[in-house]
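What follows is a short report on a single structure.
When reading the values below, keep in mind they use all heavy atoms of this one structure, side chains included, and skip hydrogens, waters and symmetry mates.
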Amino acid sequence: MPAARRAKNSKPKAGIVGQRVLVTAGASGIGRAIADLLLANGATVVIGDVSKPFLADFRRAHRDSPAVEADVASERDVAKLFKTAARELGGLDALINNAGIAGPTASVDQIDPADWRRCIDVDLTGQFLCARRAVPMLRESGGGSIVNMSSAAGRFGYAFRTPYAAAKWGVIGLTQSLAKELGPDNIRVNAILPGVVRGARMESVIAARAKQLGVGHEEMEKRYLERVSLRRMVTPQDIGETVLFLLSVAGANISGQSIGVCGNVEAL
C-alpha cells in the first residue's frame with residue numbers, strides 16, 4: 001500500500017493489511033470514515049454509494065479504490081457492486097453493511113407507506129441483499145467478517161421514527177441469525193449501534209424533530225444529548241475504529257454481538 005494512502009503516524013492494526021473489504025454507502029459520513037481508515041491500515045477497498053458528488057470526491061482521494069454507483073435496495077445494483085468487487089479485489093474478506101437512510105419523521109398515521117417501504121428496503125433488505133452476495137465469496141476465502149450497521153434505535157422504541165427503528169431492530173435479528181448460521185464457515189457477524197453521530201445526517205434528523213415539536217434546533221440537540229450518559233455526540237471516526245477492531249486479530253472471537261458506540265444512549 002503506497003505510503004500516501006496511510007494516515008499520518010498511523011500504525012496498521014494486526015490482521016487488517018491485505019484484507020479485501022466492500023463498504024456500502026462508503027463515500028460520505030460513517031461509510032467514508034470506515035473506508036478511509038481501512039485504506040490507511042492496509043486493506044483494499046471497494047465502495048458503493050448513491051451520491052454522484054460524494055463518489056467523485058472519494059475517487060479523487062482514492063484513485064486505486066473502485067467506487068460504484070449502487071443503491072443497496074436494488075438487486076441489480078447490488079449484483080453490479082459485487083461483480084466489481086469480485087473483479088477488482090479477487091475475493092472478499094469482509095462486508096461492511098453500512099448503507100441506510102433516516103426515513104420519515106411523523107406519527108404512524110401520517111407516514112406514507114411508500115416512505116415506510118423505502119426505509120425498510122434500504123436499511124434492512126439492502127443488508128440481506130448484500131449478505132447473500134457476500135457469503136459465497138467469504139466462504140471461498142475461508143471465512144471473514146460481516147459488520148452490519150444498526151443503531152441505538154435497534155435497542156429502543158423511537159417515537160415518530162417507526163420505520164427506522166423497525167429496520168434497525170431487524171438488523172439485530174439478521175445479525176444474530178447469520179452469526180449462528182455462518183459461524184461453522186468461520187464467518188463472524190456483528191452489529192454496531194451508533195447513537196447521536198456528529199454530521200449532516202444527524203443535523204437533519206434534529207431539524208425535523210425540532211420542527212415537529214415546535215422547538216429550536218439548539219434546544220432539540222440539548223434534549224437528545226441529555227439522554228446520552230457522556231453528554232456528547234460520537235463521530236464517524238469512532239465507528240470506523242470499531243470496525244477496524246472487529247476486522248482485526250483482536251476481534252477474531254467476537255461474533256453475534258450488538259456493540260453500542262454511542263456514549264451510552266439511555267433512551268430515545
Side-chain angles (χ1 to χ4, degrees), residues 23-32 34 47-52 54 69-79 81 95-134 146-178 189 191-213 220 224 227 234 236 239 258 260-262 265 267-268:
V23 182
T24 64
S28 67
I30 291 172
R32 179 62 184 271
I34 292 169
I47 72 159
D49 208 292
V50 295
S51 169
K52 287 183 174 68
F54 285 131
E69 185 176 350
D71 179 349
V72 297
S74 163
E75 292 183 47
R76 180 177 296 181
D77 281 9
V78 170
L81 177 59
L95 165 66
I96 314 302
N97 256 331
N98 171 68
I101 59 174
T105 299
S107 61
V108 67
D109 55 309
Q110 296 297 317
I111 292 173
D112 188 317
D115 292 336
W116 169 278
R117 284 190 289 269
R118 178 61 179 166
C119 188
I120 299 297
D121 284 349
V122 175
D123 291 7
L124 180 56
T125 304
Q127 295 202 12
F128 156 72
L129 293 175
C130 290
R132 70 184 292 270
R133 292 278 180 177
I146 298 173
V147 179
N148 296 325
M149 205 60 61
S150 181
S151 165
R155 292 196 292 127
F156 301 102
Y158 200 172
F160 306 105
R161 296 285 306 284
T162 308
Y164 182 78
K168 294 304 185 178
W169 278 64
V171 169
I172 301 300
L174 176 71
T175 298
Q176 295 188 7
S177 298
L178 291 183
V189 188
I192 294 177
L193 284 64
V196 185
V197 182
R198 188 174 302 282
R201 179 169 160 181
M202 193 65 222
E203 288 298 308
S204 68
V205 167
I206 291 171
R209 192 66 181 272
K211 180 179 180 181
Q212 183 186 46
L213 297 179
M220 194 69 248
Y224 267 95
R227 298 179 176 185
V234 298
I239 313 304
S258 301
V261 184
C262 61
V265 173
L268 287 173

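Contact record, Asp123 with Gly100: OD1-CA, 3.0 Å, taken as the closest heavy-atom pair. In terms of heavy-atom proximity, Ile120 sits nearest to Ala166 at CD1-CB, 4.4 Å. The shortest heavy-atom contact between Ile30 and Pro194 is CD1-CG, 4.4 Å. Between Ala167 and Leu124, the closest heavy-atom pair is O-CD1, 4.1 Å. For Ile111 against Pro104, the heavy-atom pair with the smallest separation is CG2-CG, 4.0 Å. Nearest heavy atom pair, residue Leu178 against residue Ala131, reads CD1-CB, 4.1 Å.
One finds the OH atom of Tyr224 at 5.0 Å from the CZ atom of Arg209 (value rounded to the nearest 0.5 Å). The CD1 atom of Ile47 sits 13.0 Å away from atom CD1 of Ile96, with the distance rounded to the nearest 0.5 Å. Rounding to the nearest 0.5 angstrom, the gap separating the CD atom in Glu75 from the CZ atom in Arg132 is 6.5 Å.
No donor-acceptor pair closer than 3.5 Å links the side chain of Lys168 to the backbone N or O of Arg155. Remark: side-chain polar atoms of Arg227 are paired, donor with acceptor, to backbone N or O of Leu268 under 3.5 angstrom. Using modelled atom types, no side-chain atom of Trp169 and backbone atom of Tyr164 make a donor-acceptor pair closer than 3.5 Å. The main-chain N or O of Arg201 is found under 3.5 Å from a side-chain atom of Ser204 such that the two form a donor-acceptor pair.
Sorted by first and then second residue, the pairs that involve residues 108-119 and meet side-chain hydrogen bond (donor to acceptor under 3.5 Å, both in side chains), not counting sequence neighbours, are Asp71-Arg118, Ser107-Asp109.
Take Ser51 and apply the side-chain contact (heavy atoms from CB on, under 4.5 Å) test, not counting sequence neighbours, and it matches Asp49, Pro53, Phe54. Every residue meeting the salt bridge (Lys or Arg N to Asp or Glu O under 4.0 Å) condition with Arg32, not counting sequence neighbours, appears here in chain and number order: Asp36, Asp57.
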Before giving the answer on side-chain contact (heavy atoms from CB on, under 4.5 Å), spell out for Val72 and Asp77 the whole-Å C-alpha distance, their side-chain angles and the decisive distance to 0.1 Å.
CA-CA 7 Å; Val72 297; Asp77 281 9; over 6 Å; no
Given Val196 and Val205, is the side-chain contact (heavy atoms from CB on, under 4.5 Å) satisfied, shown in steps?
CA-CA 10 Å; Val196 185; Val205 167; over 6 Å; no
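Among Met149, Gln127, Gln176, the single residue meeting the side chain to side chain contact (heavy atoms under 4.5 Å, CB included) criterion with Val171 is Gln127.
Between Ser150 and Thr175 the shortest side-chain heavy-atom distance does not fall below 4.5 Å. Counting heavy atoms from C-beta on, the side chains of Asn148 and Val189 come closer than 4.5 Å. Between Thr24 and Leu81 the shortest side-chain heavy-atom distance falls below 4.5 Å.
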